[in-house]
There are 2 protein chains.
Amino acid sequence: MELDTMDRAPERPALPKIVKVSAEARAIEALRSQIITGMLPAGARITEVQLSGEMGLSRATVRTALHELQKEGLLRLKPYTGWTVIQLTRQDVWELYTLRSAVERLASQLAAGAPMEQRTRIQAAFDNLADACVDASAARIAEADFCFHHAIVDAASHSRLSAQYELIAQQIRVYIRSSDALIPDPADILSQHAPILNAILSGDSAEAGRLAEEHNLVEGEKLGQSIG
Amino acid sequence: MELDTMDRAPERPALPKIVKVSAEARAIEALRSQIITGMLPAGARITEVQLSGEMGLSRATVRTALHELQKEGLLRLKPYTGWTVIQLTRQDVWELYTLRSAVERLASQLAAGAPMEQRTRIQAAFDNLADACVDASAARIAEADFCFHHAIVDAASHSRLSAQYELIAQQIRVYIRSSDALIPDPADILSQHAPILNAILSGDSAEAGRLAEEHNLVEGEKLGQSIG
DNA sequence: AAATTGGCTATTGTCGACAATCTTGGGTGC
DNA sequence: GCACCCAAGATTGTCGACAATAGCCAATTT
């Protein structure tokens with residue numbers, strides 16, 4: 001009996017899995033983050049040599065990261081000259097918002113048909129947005145706004161749609177950071193988003209899509225006006 | 001007089017400009033072409049070492065190309081193991097066609113509002129498709145079909161939409177090459193596409209979008225059934 | 001017989017160095 | 001003063017070599 005007890009080690013929690021991430025992937029992430037948060041502002045020039053020194057990585061590794069972000073639309077390469085963070089024209093803004101409206105229309109349609117469990121998450125994101133609109137900073141409201149849209153896109157359970165939406169959203173964030181776009185009135189935000197939520201929750205796919213599309217086109221039009 | 005005549009060399013046509021294309025870009029193009037045409041079939045394994053030898057390029061150059069095509073959705077990377085040409089599941093096909101329907105809906109709406117000059121090109125592409133349906137091979141019909149869709153997308157004058165559409169189309173082509181999808185009856189092809197053309201030519205933006213969306217969803221449903 | 005371990009090979013990941021190209025500033029000629 | 005040219009420096013493009021990792025197979029252990 002005693003031997004049996006002594007032989008059994010006490011239960012302990014499993015160690016967390018160590019997720020392996022290549023230096024390339026980490027460089028991509030770090031760079032993307034700096035671009036999206038505006039630390040690397042629109043129009044900023046970047047060189048592989050500079051980043052290589054800064055990040056303690058070989059230029060080849062940095063180069064891979066830069067090429068990936070170029071593919072995501074966040075950077076522009078001038079061969080043999082350098083890299084630049086994107087600067088968006090009015091045409092670019094129009095393109096981003098029309099494309100986003102198309103994609104988000106689809107996402108909203110799919111979300112309206114999603115299991116209730118997924119739709120509940122959209123409700124939670126809306127509640128979070130509503131809370132933020134009461135007394136939070138503009139930055140927090142903007143973040144909650146993005147989260148609401150992402151909740152819809154996630155509920156669509158469509159990986160390519162999510163990926164595409166993310167690429168569009170990234171570019172829009174770069175633009176917003178570089179523009180003097182006015183932050184919408186919190187009351188407006190809620191009145192714009194509530195109908196979309198309601199259509200999704202009630203399973204009205206066509207209405208959800210129509211409202212989402214319209215919302216994006218209207219917002220895009222407003223944003224486009226803020227280019228000097 | 002004679003001296004003047006002798007001094008003037010005869011007029012000759014200007015030499016064409018030499019467009020500088022990096023080895024990386026050429027590798028990307030060559031690889032993409034092999035994937036889309038099926039020479040590198042769905043599921044095929046590729047290694048950097050093999051391609052480097054084949055193409056007479058450094059592995060780093062090839063690697064850049066492979067990473068770009070991964071970003072385009074044509075290749076998958078297994079770290080430290082190898083690259084694979086995509087193989088699409090029914091879910092993938094669904095995703096591609098729903099996304100394509102959303103994008104092409106937008107393209108058709110914009111094309112319906114485009115200058116007549118642009119719309120005329122869509123008419124020309126349709127005529128070409130109609131000619132092909134009379135007596136051409138299945139491959140030529142498929143090509144003319146793609147050209148018709150591309151003419152609509154081009155008429156939208158929306159660079160991001162065109163780029164996105166191209167990425168989707170590429171993946172669909174890889175899938176079609178790997179599937180036993182039946183080639184639609186030529187008469188069906190024309191009856192499906194003519195209403196879209198007519199809506200665009202008559203400037204009916206909403207109808208063009210509706211028809212384009214529906215056409216893509218119906219075709220996507222059919223294609224998805226052909227997965228064994 | 002099934003599970004584990006270890007070694008080898010093949011592959012990608014990353015490195016630093018050489019090659020190709022672009023930009024800029026200074027000098028020259030008109 | 002303006003236009004053109006050229007060289008030098010800065011940058012990306014490409015190379016081959018070393019480092020890290022995954023997969024496979026044979027040997028060993030249970």
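What you see is a predicted model; the values in this text were computed from it and never measured. Computed from heavy atoms alone, side chains included, the values below leave out hydrogens, waters and symmetry copies. Letters go in sequence order (proteins before strands), and every chain restarts at 1.
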> Between D:dG23 atom P and B:R45 atom CZ, what is the distance in whole Å?
Replying inline: 10 Å

> Hey, do the aromatic rings of B:H193 and B:F148 have their centres closer than 6.0 Å?
Replying inline: yes

> Does a side chain donor of either A:R45 or A:Q50 reach within less than 3.5 Å of an acceptor in the other side chain?
Replying inline: no

> How long is the line joining CD of A:E24 and C1' of D:dT21, in whole Å?
Replying inline: 14 Å

>> Under a 3.5 Å threshold, yes or no: a donor from one side chain and an acceptor from the other, between B:H67 and A:T64?
In response: no

> So, is B:K78 close to the D:dG23 phosphate, meaning a side-chain N or O under 4.0 Å from OP1 or OP2?
Replying inline: yes

>> Tell me the interatomic distance from A:Y80, atom OH, to D:dT12, atom P, rounded to whole angstroms.
In response: 11 Å

>> Can you confirm whether more than 12 heavy atoms, excluding those of B:M116, are under 6.0 Å from its CE atom?
In response: yes

> Of A:A23 and A:T81, whose closest DNA chain C nucleotide lies nearer the 5' terminus?
Replying inline: A:A23

>> In this structure, how many angstroms lie between the P atom of D:dT12 and the CG atom of A:L51, rounded?
In response: 9 Å

> Which is true for A:L66 with a 4.0 Å heavy-atom rule: it touches a base, it touches only sugar-phosphate, or it touches nothing?
Replying inline: nothing

> Are B:R140 and B:E143 close enough for a salt bridge, meaning some N to O gap below 4.0 Å?
Replying inline: no

> Tell me: CZ of B:R63 to C1' of D:dA20, nearest whole Å?
Replying inline: 12 Å

> Between A:P79 and A:A60, who's closer to the 5' end of DNA chain D by nearest nucleotide?
Replying inline: A:P79

>> Please tell me whether A:Q170 and A:R173 have a donor and an acceptor in their side chains that are separated by less than 3.5 angstrom.
In response: no

>> For a 4.0 angstrom threshold against heavy atoms of chain A, report the outermost contacting nucleotides of DNA chain C in 5' to 3' order.
In response: C:dT14 to C:dT23

